[in-house]
Asker: 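Below: one structure in structure tokens.
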Amino acid sequence: MQPTNLTIQEIHQLLITKQLSSVELTQATLQRIRDIDPKIKSYVTVSEELAIEQARQADERIAKGENVTPLTGIPFSMKDCISTRDVRTTCSSKILENYVPQYNATVTNKLADSGAVLVGKTNMDEFGMGSSCENSALFNTHNPWDLERVPGGSSGGAAASMSASLCSFSIGEDTGGSVRMPAGFTNVTGIKPTYGRVSRYGLIALASSFDCIGPMTRDAYDCATVLEHIAGHDPHDSTTYNSPVPNYTASINKSVKGMKLGIPKEYFVAGMEAGVESAMQEAIRTYEKLGMEIHEVSLPHTKYGLPVYYLLLFAEASANLARMDGTRFGLSVSDGAKDVIDIYLKTRHEGFGDEVKRRIMLGAYALSAGYYDAYYLKAQKVRTLLRRDFETAFSKVDILLAPTCPTTAFKLGEKISDPLEMYLSDIYVVATNPAGVPALALPAGFSNDMPVGMQLIGKHLDEQTLFQVAYAYQQVTDWHKQFPNL
Ligand code: GLN
């Protein structure tokens, strides 16, 4: 068995029984990156020296039996919008191409404390804006299941690195589907936790009221393990919950018998690829066999999900990206500049890609005097309706099931010249972020040889149920155990 294909749980057993060392595993991972990543291109930066050093320290911890956690010695990759001290953090943008943070994100610190090994930073759509990774200003990432197809986005590099076994878990970020959609396209399990469950300190913001950091893993058990280690209150982020983080893995194998599974009827409409539809029907039957009660539910404001999400995202992103002005960090274009305003303009003109500029302009427009009430305020009101849709549904059922995307991974170049087409591929994943509820994506089969993703949506702070229901499915299916042929 190739060690890079193993789950965290399996590796942990090998590490603590000294059948494998973290240095050996990390070296095998780095070698695989050298061999395979030139065709996938999931990594922006490989932090080889740091990884070997962290692996050596992990082996020491294991040898002494001190402070050993389930993540000690496990190699992981991380989306390039999460700050890593002394390791370049680019957001896959020209404007931050050479930016090296002076501090760690809280998540980076928590993973370092647990003894995990950072092997590198992964490619993404610039600042998280996109659904295919093609908006990266650096290069395209390829889907390990078909190199001519996209890995999804915006955490496409994280998903591809996981799917191609170039790490043992990955950390992504989800503002409007960026963990779930690429997880679905590449046969990976991933969670967008409840907003505020994981600290955003050190995450380079896209839309601050939507952004959630979440793990991508081989299965639900690993996903629960990583979330346990990165979640929790953070004095640096006042939007984090104060409540203790449950021990998700402890009761993950509880039976799902008698639980109520809701099928939102607005998500099962025309336009879904036939193979995706049949995979969902098959999954529903599987849950029925496991003893769950199936109920149709309605999320009546679903059709407003995309416009509300995009309008609010543009507005928040336009404000957040104002800090990239060439005077503080990152790119600064001052050649021939008349004054400081000219530096701002030249830097932003050169540093930002088309999609980023498009969103900044639309966001600034929606927030401008005279238009604020008609667009931003209206969207905030409809956001409340989206949240209430979920509350009403969860007064009747325990959990919801839906696809992550109407199709499987599309071809590189297929949608890039039509931004609206690209936005439409987010139709099933965007409503959860304005509502703040958690959602977990997991492999649910194949359509035309490409992975199909399913998502489970839960109540606020009820990640426990998501893990339990995903785990039950993975005990009786083996989609998540399939690897691409590389
Ligand atoms: N497709 C979404 C967008 O383009 C993804 C955002 C995200 O989750 N980072 O906005």
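Read the numbers this way: they start at 1 and go in the same order the structure lists the ligands and their atoms. For reference, positions follow the sequence shown, starting with 1.
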Asker: Show me which atoms of ligand 1 lie under 4.0 Å from any heavy atom of E173.
Answerer: 9 (N)

Asker: Judging by distance only, is a nitrogen or oxygen of S154 under 3.5 angstrom from one on ligand 1?
Answerer: yes

Asker: What I want to check is whether the side chains of K121 and T89 have a donor and an acceptor closer together than 3.5 Å.
Answerer: yes

Asker: Regarding E173 and S155, do their side chains bring together a donor and an acceptor under 3.5 Å, going by distance alone?
Answerer: no

Asker: Decide whether an N or O pair under 3.5 Å exists between G128 and ligand 1.
Answerer: yes

Asker: Give the contacting part of Y423 toward ligand 1: side chain, backbone, both or neither, where contact means a heavy-atom distance below 4.0 Å.
Answerer: neither

Asker: So with a 6.0 Å cut-off around OH of Y371, is the heavy-atom count from everything else above 12?
Answerer: no

Asker: Heavy-atom distances under 4.0 Å are what count here, so tell me which part of N433 touches ligand 1: side chain, backbone, both or neither.
Answerer: neither

Asker: I'd like to check which ligand 1 atoms, numbered from 1 as shown, lie under 4.0 Å from a non-hydrogen atom of G130.
Answerer: 1 (N), 2 (C), 3 (C), 4 (O), 5 (C)

Asker: Is a donor from one side chain sitting under 3.5 angstrom from an acceptor on the other, for S178 and S154?
Answerer: yes

Asker: Heavy atom under 4.0 Å from ligand 1: found in T175's side chain, backbone, both, or neither?
Answerer: both

Asker: Is M181 near ligand 1, meaning one of its heavy atoms is under 4.0 Å from it?
Answerer: no

Asker: I'd like the name of whichever of S425, S178, P419, G153 reaches closest to atom 8 (O) of ligand 1 through any heavy atom.
Answerer: S178

Asker: Do you see a donor-acceptor pair shorter than 3.5 Å between the side chains of S209 and E316?
Answerer: yes

Asker: Under a 3.5 Å threshold, yes or no: a donor from one side chain and an acceptor from the other, between Y310 and D426?
Answerer: yes

Asker: Counting only heavy atoms, which portion of R359 has something under 4.0 Å from ligand 1: side chain, backbone, both, or neither?
Answerer: side chain

Asker: Counting each atom of ligand 1 from 1 as listed, which ones have a heavy atom of Y309 under 4.0 Å away?
Answerer: 2 (C), 3 (C), 5 (C), 6 (C), 10 (O)

Asker: Counting only heavy atoms not in Y304, do more than 12 fall under 6.0 Å of its OH?
Answerer: no

Asker: Would you mind listing which atoms of ligand 1 come within a distance below 4.0 Å of any non-hydrogen atom of M129?
Answerer: 4 (O)

Asker: Any luck finding a side-chain donor-acceptor pair between S83 and Q102 under 3.5 Å?
Answerer: no

Asker: What atoms of ligand 1 come closer than 4.0 angstrom to any heavy atom of Y310?
Answerer: 1 (N), 2 (C), 3 (C), 4 (O), 10 (O)

Asker: Are any of the N or O atoms of L313 closer than 3.5 Å to those of ligand 1?
Answerer: no

Asker: Looking at ligand 1, does any of its N/O atoms fall within less than 3.5 Å of an N/O of G176?
Answerer: yes

Asker: Atom 2 (C) of ligand 1: which protein heavy atom is closest, and how many Å away?
Answerer: D426 OD2, 3.3 Å

Asker: side-chain hydrogen bond (donor to acceptor under 3.5 Å, both in side chains) with T189: which of Q474, R180, R218?
Answerer: Q474

Asker: Under 4.0 Å from a heavy atom of G177: give me the atoms of ligand 1 that qualify, with their elements.
Answerer: 8 (O)

Asker: For ligand 1, which atoms, with element, lie under 4.0 Å from some heavy atom of L206?
Answerer: 9 (N)

Asker: Distance only, no hydrogens: is a donor on one side chain within 3.5 Å (strictly under) of an acceptor on the other, for Q455 and T404?
Answerer: no

Asker: At less than 4.0 angstrom from any non-hydrogen atom of D174, what atoms of ligand 1 do you find?
Answerer: 8 (O)

Asker: Can a side-chain donor-acceptor contact be found between R200 and T239 if the only test is distance below 3.5 angstrom?
Answerer: yes

Asker: We want to know whether D125 and S136 form a side-chain donor-acceptor pair, criterion being a heavy-atom distance below 3.5 angstrom.
Answerer: no

